[in-house]
Peer 1: 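Okay, handing you the structure first.
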Amino acid sequence: MNSFEIYKILKNHFGEVGSWWPKDGPFEVIIGSILTQQSTWTNVEKALQNLKEANVLTPKDIVSLPLNTLKELIKPSGFFNQKAERIRKVSEYLIEKYNGDLDLLFAKDRKNLRDELLQLKGIGKETADSIILYAAEKNEFVVDAYTKRVYSRLKIVEEEIDYENLKNHIIREIPEELLLYQEFHGLIVLLGKNICKKKNPNCKECPLSSKCKFIK
DNA sequence: CATACATGCTTTCGGTCCAG
DNA sequence: CTGGACCGAAAGCATGTATG
């Protein structure tokens, strides 16, 4: 079974995901992509809500905030000490290099943008790709723990496959289109979060169960 | 040198598992 | 059955040490 088939089955099952990532602006996407590292989205939403209520919406707002206040605001997302440092460092960088104007950063081509993001502490491959796909809106596919779990349970790839290999496997099998990249990733998140869970998977509800060897 | 593997980082949520 | 203590999982990343 190839990735485009999986996409169609998931879309048929869940329907249109739409712009499921919060579109309150590209800077919020960057913050969100850091906050969501190793954390659930519901917790990240609380942290983002706190920032909004405190009127912290731009890189300049972040750096003018005492670090401890930032930590308090993002506490619900977990790992708040590290994440606060990372968010502040990234904000400082954006101000120094682009005067806080993200359009300048996103004007770069996809590869250069990715390399630049990866040099920032706290931004690894998945976070960089999320920023490119959802904030810069360029065709960079995102794979994550859900993707790896789903694909390895389907026996399409081995469990220990690394990030780039899984990503390359998938992009070879699907059309290179922004909306499809966003939609497919969103659908996999829905599947991984609600059905293909690590602990109590709901295989009976899974639209892919007939193709899956895992089945519990 | 470079690649592999282990560890620290934190809160919230949803199970599991007995005691009452 | 009910609740509450308890446990592991949840959209990763950087750093340090071991291994070849």
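Throughout, a chain's letter reflects where its sequence line sits, starting with A, and its residues are numbered from 1.
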Peer 1: Nucleotide by nucleotide, 5' to 3', does protein get under 4.0 Å of the base (B), only the sugar-phosphate (S), or neither (-) in nucleotides 5-18 of chain B, counting heavy atoms?
Peer 2: ----BBBBS-SS--
Peer 1: To the nearest angstrom, how far is Lys148(A) atom NZ from dA10(C) atom C1'?
Peer 2: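 Rounded to the whole Å, the gap is 15 Å.
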Peer 1: Identify, with sequence neighbours excluded, every residue that meets side-chain hydrogen bond (donor to acceptor under 3.5 Å, both in side chains) alongside Asn112(A).
Peer 2: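 Asp109(A).
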Peer 1: Rounded to the Å, how far apart are Leu117(A) CG and dC13(C) C1'?
Peer 2: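 Going from Leu117(A) (CG) to dC13(C) (C1'), I get 15 Å.
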Peer 1: Using 4.0 Å as the upper bound for N to carboxylate O, is an ion pair formed by Arg114(A) and Glu164(A)?
Peer 2: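 Yes, charged N to carboxylate O under 4.0 Å.
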Peer 1: For Lys198(A), which residues count as a side-chain contact (heavy atoms from CB on, under 4.5 Å) partner, sequence neighbours excluded?
Peer 2: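 With sequence neighbours excluded, Lys198(A) shows a side-chain contact (heavy atoms from CB on, under 4.5 Å) to Arg149(A), given in chain and number order.
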Peer 1: For Ile195(A) and dA9(C), what is the distance between atoms CD1 and C1' respectively, to the nearest whole Å?
Peer 2: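 Between C1' of dA9(C) and CD1 of Ile195(A): 18 Å.
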Peer 1: What integer distance in Å separates Leu166(A):CG from dG12(C):P?
Peer 2: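 Taking atom P of dG12(C) as the reference, CG of Leu166(A) is at 13 Å.
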Peer 1: Got a salt bridge between Lys89(A) and Glu92(A), using NZ or NE/NH1/NH2 to carboxylate O under 4.0 Å?
Peer 2: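 Here Lys89(A) does not pair with Glu92(A) in a salt bridge, since their nearest N and O are not under 4.0 Å apart.
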Peer 1: Keeping Asp129(A) on the side-chain end and Val142(A) on the backbone end, is there a donor-acceptor pair under 3.5 Å?
Peer 2: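 No; judged by distance alone, with no hydrogens or angles, the pair does not exist.
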Peer 1: For the backbone of Phe4(A) and the side chain of Asn2(A), can you confirm whether one donor and one acceptor N or O come within less than 3.5 Å of each other?
Peer 2: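 Judged by distance alone, yes, a pair lies under 3.5 Å.
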Peer 1: Let me check I have this right: for DNA chain C, each base becomes ., (, ), [, ] or |, based on Watson-Crick or G-U pairs with both distances under 3.5 Å. What is the full string?
Peer 2: ||||||||||.|||||||||
Peer 1: If I take atom CD1 in residue Ile30(A) and atom P in nucleotide dC13(C), what distance separates them, rounded to the nearest angstrom?
Peer 2: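 That distance rounds to 15 Å.
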Peer 1: Counting the atoms with a prime plus P, OP1 and OP2 as sugar-phosphate, which does Ile123(A) contact under 4.0 Å by heavy atoms, base, sugar-phosphate, or nothing?
Peer 2: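 Sugar-phosphate contact only - Ile123(A) comes under 4.0 Å of backbone atoms but never of a base.
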Peer 1: To the nearest angstrom, how far is Leu35(A) atom CG from dC13(C) atom P?
Peer 2: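 Taking atom P of dC13(C) as the reference, CG of Leu35(A) is at 13 Å.
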Peer 1: Can you list the residues that meet the ring pair (Phe, Tyr, Trp, His ring centres under 6.0 Å) rule with Phe184(A), with sequence neighbours excluded?
Peer 2: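 Only Tyr7(A), Phe141(A) meet the ring pair (Phe, Tyr, Trp, His ring centres under 6.0 Å) criterion with Phe184(A).
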Peer 1: Please produce a list of atom pairs where a protein N or O lies less than 3.5 Å from an N or O of nucleotides 15-19 of chain C.
Peer 2:
from	atom 1	to	atom 2	distance (Å)
dT15(C)	OP1	Lys121(A)	NZ	3.0

Peer 1: Heavy atoms only, 4.0 Å cut-off, all strands: where does Thr127(A) land among base, sugar-phosphate and nothing?
Peer 2: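 Sugar-phosphate, no base atom in range.
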Peer 1: By nearest nucleotide on DNA chain C, pick out whichever of Asp144(A) and Leu120(A) is the more 5' one.
Peer 2: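 The 5'-side residue here is Asp144(A).
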